[in-house]
Amino acid sequence: MRLRFAPSPTGFLHIGNARTAILNHLIAKKYGAALVLRIEDTDMERSSRESEESILKDLTWLGVRWHEGPDRGGEYGPYRQSERFDIYREYSERLLAGGKAYHCFCTAGELDEMRKASAETGSYEYSGRCRDLSEEEKKAFLAEGRKPTVRFRVPEGETVIVDDIIKGRVVFSSENIGGDFIIVRSDGVPVYNYIVIIDDALMKITHVVRGEDHLSNTPKQVLIARALGLPVPQYAHLSLVMGDDRKKLSKRHGITSVDMYRREGYLPESLLNYLAMLGWAAEGGVEIMPEDEIAAQIEIGKLAKSAAVFDFQKLRWMNGSYIRQYPQERLLELIEPYINEAGFDTKSVERPWLSEVVALLKGYCETLPDIQKLIGMFMADVNEPDAESDALLRQENAKAVIREARMLFEGEITAENFFSGLGDRIKAGTGLKGKDLFHSMRALLTGRLKGPELDRALPLIGFERCRKRVEYAYRKYAQ
RNA sequence: GUCCCCGUCGUCUAGGGGUCUAGGACACUGGGUUUUCAUCCCAGCAACAGGGGUUCGAAUCCCCUCGGGGAUGCCA
């Protein structure tokens, strides 16, 4: 079994393509198949080497592994279509010589006109007007300076049956695939629908797992294969991923590139998990699963036929769950840049202490940068109260708490005993309890109303800082 | 327009003729734990697009309608 993932390097790796790549990777893993990475860069204007590099980087980050590709070579290379033009030319010549393809002199402009004209009457199909040009006619066009394209002569009355692993048996007729289609542009560069099937055959691909948007074009590819005597792989067309408006996922739906998810603080494991499980369910309805387990359970035929809406909420939830389970060292490493970004220098503090802080805070993070909202209560000397804490601290109950705390910090509270029973002491002094007491204490000592449990946070914040914060609050609110 | 695909809670799905008064997860709502809060636990809300068949029996099979999506490019 040989699989392939064939992105076009015309931008960042998109979530939809990432899912296709992940599924290919997982299936390859399950069956011990080879995964080929092929770069489909025949759109010379839009393709770029930078895109290719970023796609490879994103795939690697996600954990997708391929066995053959432009970066590592392989028996069936080269793996960039732009480096295989000689191969395609041979096939084109064969098609031309056998009368299975012909030169078409229609210009892009003329084609446009024809399309427009037929838009009013109904369906468009290439007229086939260059199908049977005489040598004189061809010469005349050439003399005009026209550069011909090569069109595939679509056989009449032929049926193409695609036995799709996901969709089932899909029947097409050569009558309604739009007429003879272009396989080589006027500049000599071949077109996707033509060479994709050649490469799949030459690279000995046995199973093509790709997006459903390719299903309608599959008969064209099969017809090419028949004309060339090439084998046709097994197909599995994946249903598309859509935005919440049920349109194909695109930029206006928010963040749709893998690159952005990385920067927004998502973990590769959770993105892979989420994308891999979009479209089917594991045994027992388990949602969070390590890659190996997903690979063990996944089956192409079990994947849903219907399109799935991408649910950012669920991804967030899943990511939070991964953050909580993540190996501590690795998490610390990944989350550190976000702490620095919030304006705190992680180099200036003790590593074990920082690790404890992160371990405590990770329970409150769904994405890595979520830590920025809470980290100040540990890193800053005096963490300036945010708006809601500020509002609370201006209330009478809170002022009582502030005064009581100040008294305690000046008297009986010491670095040794301050956090054990601090609440009880303030309670005894003020007569406050429950929310009135603890919310005020939280605002006073952390500057935030939300966060980890005080008796776990306080020891990490430390006596000295708490004392400073009490003093600061006293002057600001209660003096 | 034409061709192709699809249609179970708001979302992802389980279900492949009786065990379905349709199960799980996210979200939402309400409780509980945490002497406070975003974790955690429990409970609740909520769906077989509509209409015809087939069958003793249909979410499951067939047809039609409607709805959604894709293709129809000298993009992939």
Side-chain angles (χ1 to χ4, degrees), chain A residues 6-10 17 40-43 45-47 81 104 106-108 111-112 115 118-125 147-151 162 164 166-168 170-173 175-179 181-187 189-193 196 210-220 237 239-240 242 244 246-248 274 277-288 304-318 320 324 362-366 370 373-374 423-424 427 433-443 448-455:
Chain A
S8 175
T10 54
N17 287 126
E40 310 216 316
D41 56 351
T42 54
D43 184 340
E45 278 110 73
R46 284 193 276 176
S47 297
Q81 290 187 325
C104 170
C106 299
T107 65
L111 257 16
D112 238 31
R115 243 188 300 271
S118 58
E120 288 149 29
T121 57
S123 61
Y124 168 76
E125 174 168 309
K147 291 245 189 309
T149 59
V150 177
R151 270 187 198 271
V162 178
D164 194 276
I166 295 170
K167 301 289 185 184
V170 186
V171 183
F172 297 91
S173 163
E175 301 306 321
N176 43 37
I177 59 173
F181 55 94
I182 292 174
I183 58 175
V184 182
R185 299 171 171 89
S186 53
D187 64 0
V189 177
V191 136
Y192 167 78
N193 276 130
V196 68
R210 53 150 48 156
E212 190 182 5
D213 45 345
H214 292 288
L215 181 56
S216 304
N217 282 326
T218 305
K220 293 182 186 171
H237 285 94
S239 52
L240 267 17
M242 299 187 297
D244 50 13
R246 296 219 159 257
K247 302 267 184 249
K248 200 172 167 181
Y274 178 74
M277 305 275 295
L278 191 60
W280 62 287
E283 243 170 77
V286 182
E287 308 261 353
I288 296 178
K305 293 177 173 186
S306 53
V309 172
F310 189 88
D311 187 346
F312 293 87
Q313 290 265 37
K314 193 158 184 174
L315 203 216
R316 276 190 78 84
W317 161 77
M318 192 172 278
R324 264 162 254 136
K362 69 180 180 186
Y364 301 85
C365 297
E366 281 192 319
D370 282 349
K373 286 177 278 185
L374 299 169
D424 286 335
K427 181 179 175 181
K433 57 180 180 176
K435 195 168 178 171
D436 288 334
L437 171 66
F438 272 82
H439 249 164
S440 301
M441 283 179 61
R442 181 176 283 284
R448 296 290 180 276
L449 257 31
K450 293 165 180 169
E453 289 170 41
L454 276 183
D455 54 348

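Here the structure is a predicted model, which means the values were calculated and not measured. Chain identifiers are assigned alphabetically (A, B, ...) following the order of the sequence lines, protein sequences preceding nucleic acid strands; residue numbering begins at 1 within each chain.
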>> Classify A:T107 by what it touches in the nucleic acid, base, sugar-phosphate, or nothing, heavy-atom distance under 4.0 Å.
In response: base
> Which part of the nucleic acid, if any, lies within contact of A:T149, taking any heavy atom under 4.0 Å across all strands shown: a base, the sugar-phosphate backbone alone, or nothing?
Replying inline: base
>> Please name the nucleotide paired to B:C37 by Watson-Crick or G-U wobble geometry with both distances under 3.5 Å, or report none.
In response: none
> Paired with B:U55: which nucleotide, if any, by Watson-Crick or G-U wobble criteria at under 3.5 Å for both distances?
Replying inline: none
> Over how many whole Å does the gap from A:L454 atom CG to B:U39 atom P extend?
Replying inline: 17 Å
> In Å, rounded to the nearest 0.5 Å, how long is the span from OG of A:S239 to CG of A:L278?
Replying inline: 8.0 Å
>> Under 4.0 Å, heavy atoms only, any strand: does A:F181 hit a base, just the sugar-phosphate, or nothing?
In response: nothing
> Considering every strand shown, what is the Watson-Crick or G-U wobble mate of B:G1 when both distances are under 3.5 Å?
Replying inline: B:U72
>> I want to verify a distance call: between B:C5, B:U36, B:A71, whose nearest atom is closest to the A:N217 side chain?
In response: B:A71
>> Would you compute the distance between atom CH2 of A:W280 and atom CD1 of A:I166 and round it to the nearest 0.5 angstrom?
In response: 12.5 Å
> Base, sugar-phosphate alone, or nothing: which one does A:L240 contact when heavy atoms must sit under 4.0 Å apart?
Replying inline: sugar-phosphate
> Are the side chain of A:K167 and the backbone of A:K305 linked by a donor-acceptor contact shorter than 3.5 Å?
Replying inline: yes
>> Quick check for you: among B:C12, B:A38, B:C4, whose closest atom lies nearest to any side-chain atom of A:K314?
In response: B:C12
>> Using the C1' atom as the point on both nucleotides, what is the distance between B:G15 and B:G73, in whole Å?
In response: 41 Å
> When the distance from NZ of A:K305 to P of B:C4 is rounded to whole Å, what number comes out?
Replying inline: 15 Å
> Expressed as a whole number of Å, how far does the P atom of B:G23 sit from that of B:G30?
Replying inline: 23 Å
> Which nucleotide, B:A38, B:C12, B:C74, lies nearest any side-chain atom of A:L374?
Replying inline: B:A38
> If the P atom of B:C20 is compared with that of B:G69, how far apart are they to the nearest Å?
Replying inline: 35 Å
>> Taking the minimum atom-to-atom distance to the side chain of A:R115, which one of B:G73, B:U36, B:A38 wins?
In response: B:G73
>> From CE of A:M318 over to P of B:A27, roughly how many Å is that when rounded to an integer?
In response: 11 Å
> Base, sugar-phosphate, or nothing for A:R316, non-hydrogen atoms under 4.0 angstrom?
Replying inline: nothing
>> Output the rounded distance in Å from CD (A:E287) to P (B:U11).
In response: 16 Å
> Checking side chain to side chain contact (heavy atoms under 4.5 Å, CB included) for the pair A:K373/A:K450: CA distance, chi angles, key distance, verdict?
Replying inline: CA-CA 10 Å; A:K373 286 177 278 185; A:K450 293 165 180 169; over 6 Å; no
> What is the nucleic acid contact for A:G284, judged by heavy atoms within less than 4.0 Å: base, sugar-phosphate only, or nothing?
Replying inline: nothing
> Just how far, in rounded Å, is C1' of B:G1 from CG of A:N176?
Replying inline: 13 Å
>> Under 4.0 Å, counting only non-hydrogen atoms across every strand here, what does A:E40 touch: a base, just sugar-phosphate, or nothing?
In response: sugar-phosphate
> Contact class for A:A108 (heavy atom, under 4.0 Å): base, sugar-phosphate, or nothing?
Replying inline: base
> Mind checking the P distance from B:C26 to B:A43? Whole angstroms is fine.
Replying inline: 13 Å
> Which part of the nucleic acid, if any, lies within reach of A:V171 when heavy atoms closer than 4.0 Å are counted: base, sugar-phosphate only, or nothing?
Replying inline: sugar-phosphate
> Do the non-hydrogen side-chain atoms of A:D187 and A:K147 ever get within less than 4.5 Å of each other?
Replying inline: no
>> Rounding to an integer number of angstrom, what distance separates B:U65 and B:G1 when you compare their P atoms?
In response: 13 Å
>> Nearest to the A:R442 side chain among B:C3, B:C37, B:C74, which nucleotide is it?
In response: B:C37
> Any idea how A:Y274 and A:F310 line up, ring-wise: parallel (<30°), tilted (30 to 60°), or perpendicular (>60°)?
Replying inline: perpendicular
> Where the side chain of A:E453 is defined as all heavy atoms beyond and including C-beta, which of B:C12, B:A76, B:U36 is the nearest nucleotide?
Replying inline: B:U36
>> Under 3.5 Å for both donor-acceptor distances, Watson-Crick or wobble: does B:A43 have a partner, and if so which one?
In response: B:U29
> Nearest nucleotide by nearest heavy atom, which residue falls closer to the 5' end of RNA chain B, A:R246 or A:F310?
Replying inline: A:F310
>> Taking B:G31 as the reference, what is the distance to B:G70 when you measure between their C1' atoms (whole Å, please)?
In response: 46 Å
> Checking all strands, does A:H237 fall into the base, sugar-phosphate, or nothing category for heavy-atom contacts under 4.0 angstrom?
Replying inline: nothing
>> Measuring to OP1 and OP2 of B:C26, would you say a side-chain N or O of A:W317 lies under 4.0 angstrom away?
In response: yes
> Could A:K220 and A:F181 be counted as a cation-pi pair, given that NZ or CZ must be under 6.0 Å from the ring centre and within 45° of the axis?
Replying inline: yes
>> Need one value for A:G451: base, sugar-phosphate or nothing, where a base atom within 4.0 Å counts as base even if backbone is also close, heavy atoms only.
In response: base
>> How many whole angstroms separate atom CD1 of A:I288 from atom P of B:C12?
In response: 18 Å
> Taking atom P of B:A71 as reference, at what distance in whole Å does atom CG of A:N193 sit?
Replying inline: 12 Å
>> Given B:A71, B:C75, B:G73, identify the nucleotide with an atom nearest to the side chain of A:S216.
In response: B:A71
> Among B:A76, B:C3, B:G68, which nucleotide sits nearest the side chain of A:K247?
Replying inline: B:G68
> Expressed as a whole number of Å, how far does the C1' atom of B:G44 sit from that of B:G51?
Replying inline: 34 Å
> Expressed as a whole number of Å, how far does the C1' atom of B:G52 sit from that of B:A47?
Replying inline: 22 Å
> Of all the choices, B:U2, B:A38, B:C12, which nucleotide is nearest to the side chain of A:L278 once you look at every atom?
Replying inline: B:C12
> Quick one: which of B:C37, B:G69, B:A14 gets closest to the side chain of A:H439?
Replying inline: B:C37
> Using a cut-off of less than 4.0 Å, is there contact between a side-chain N or O of A:R324 and OP1 or OP2 of B:C40?
Replying inline: yes
>> Whole angstroms only, please: what is the CD1-C1' distance between A:I177 and B:C4?
In response: 12 Å
> If you round to the nearest 0.5 Å, how far is OG1 of A:T218 from CZ of A:F172?
Replying inline: 6.0 Å
> Between atom NZ of A:K247 and atom CG of A:L240, what is the distance when rounded to the nearest 0.5 Å?
Replying inline: 13.0 Å
